[in-house]
Amino acid sequence: MADTANQGDLETVSSSLLTVINDLHTKYKSLQEGIVANYIPELAKVNPDLFSICIATVDGQVYEVGDIKQLFTIQSISKVFSYGLALEDHGRDYVLTRVGVEPTGDAFNAIILDERSKRPYNPMVNAGAIATTSLIKGSGATERLNRLLDMFHRYIGHDVFVDISVFTSERSTGHRNRAMAHLMLNFGMIDQNIEEALDLYFQQCAVMVNCRDLAIMAATLANGGINPITGEQAVEKTYIKDILSVMYTCGMYNFAGEWAYKVGIPAKSGVCGGIMAVVPNKMGIAVFSPPLDIRGNSVRGVKVCEELSQRLGLHLFDCSGCRE
Ligand code: GLU
């Protein structure tokens, strides 16, 4: 009897999740605001009309709508995962000596370090992400890249590749990132081989994913680090709270505070137009739509997540279900 009731609940939830994302896709498809990122020449070529939404639950159900198979480069969303790998490689105490956990309120590519500690503020801004990537262990560039790609494989459940044209495009134009790396080298926050660290950072940003992949990666974080489709442990459970905390406070560029206030779930966006959000113990959400607002967040992505959070009651501090 109980089983039948649970099954009924599950079916209701499933059909309502699909209905909600279909609704939101129809509602925001015609929204024509924002511009696609063009500071990396290759990114400017993307079709601005692409639009997909995907939800993956911690019990392995996947709901999707739109251009779900369309591949794009993961960009800044990769920062979440390399942070997890650096934590596994060195432990949180050491990583904290190299990268802080304070939100900045500044743009993602600001060339600033914490005045007193000389650390980059957090792993979600570029300086912090470059420092984080430089911590990834390996006996050489190839081994480090392979460890990163293996990590993505665990989260997604299949092989991933670096888009060489986006990688080389960013490598030849990423002067701000290069400047940050030099500044951090000056203060001993990263080690000697900055070109290798920058290459790995540009490569991780150029890993190709689709919207479904992102939702499954988010669901893996929601599920204590275990990929809900393959059952594989992608990252040690002990680091989930560290990863989600910095996503919550720093993941949405200089919109992170307003996002936490309105949407209320840990998330990370990237200049590719992707947003990945994690509802702990419940689901991962991904939206892909390339046109960005002035802070670098996908315009449709923000709208969809705001409304999803409201309609599904996802805000972590929502007390409407609390006891009277
Ligand atoms: N590869 C990009 C950069 O470093 C990532 C930017 C982003 O998605 O925020 O500029």
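FYI, the numbering just counts along the sequence from 1.
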Answer yes if [X] and [Y] sit in the same cluster of Ile, Leu, Val, Met, Phe, Trp and Tyr residues linked by side chain heavy atoms under 4.5 Å apart, and no otherwise.
X	Y	result
I77	L200	yes
Y83	I74	yes
M217	Y239	yes

Subject >> Centroid-centroid under 6.0 Å between F72 and F288 rings >> reply: yes
Original post:
Given I285 and M276, is the side chain to side chain contact (heavy atoms under 4.5 Å, CB included) satisfied, shown in steps?
Top reply: CA-CA 6 Å; I285 299 168; M276 172 191 86; over 6 Å; no
[X]-[Y] side chain donor-acceptor pair, cut-off 3.5 Å:
X	Y	result
S169	E42	no
Q70	D67	no
N297	S269	yes
S52	E64	no
N22	T19	no
K79	N126	yes
S139	E143	yes

Between [X] and [Y], does any side-chain N to carboxylate O distance fall below 4.0 Å?
X	Y	result
D49	K29	no
K303	E307	no
R144	D89	no
D242	R92	yes

Original post:
Are more than 12 heavy atoms from other residues, nucleotides or ligands located less than 6.0 Å from atom CG of N281?
Top reply: no
**OP:** Report, as yes or no, whether the 6.0 Å neighbourhood of atom NZ on K237 holds more than 12 heavy atoms from other residues, nucleotides or ligands.
**Re:** no
Quick one: [atom1] on [X] to [atom2] on [Y], what's the gap to the nearest 0.5 Å?
X	Y	atom1	atom2	value
T104	N254	OG1	CG	7.0 Å
N109	H175	CG	NE2	13.5 Å
H158	D213	NE2	CG	3.5 Å
I194	L185	CD1	CG	5.0 Å
I275	S289	CD1	OG	9.0 Å
F51	S298	CZ	OG	7.5 Å

**OP:** Go through R154 and E232 one step at a time and tell me if the salt bridge (Lys or Arg N to Asp or Glu O under 4.0 Å) criterion holds.
**Re:** CA-CA 6 Å; R154 292 194 295 277; E232 192 174 4; 5.0 Å; no
**OP:** Verify side chain to side chain contact (heavy atoms under 4.5 Å, CB included) between V209 and L71, making sure each step is shown before the conclusion.
**Re:** CA-CA 5 Å; V209 291; L71 289 170; 5.6 Å; no
Over 60° means perpendicular and under 30° means parallel, so tell me whether [X] and [Y] are parallel, tilted or perpendicular.
X	Y	answer
F167	F202	tilted
F317	H315	tilted
Y155	F81	perpendicular

Original post:
Per the side-chain contact (heavy atoms from CB on, under 4.5 Å) rule, which among T97, L135, L85 passes with H90?
Top reply: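 The single option meeting the side-chain contact (heavy atoms from CB on, under 4.5 Å) with H90 is L135.
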**OP:** Please report the closest heavy-atom contact between E88 and V235, naming both atoms and the distance.
**Re:** OE2-CA, 3.4 Å
**OP:** Please step through side chain to side chain contact (heavy atoms under 4.5 Å, CB included) for the pair R300 and I53, ending with a clear verdict.
**Re:** CA-CA 10 Å; R300 289 181 184 142; I53 308 173; over 6 Å; no
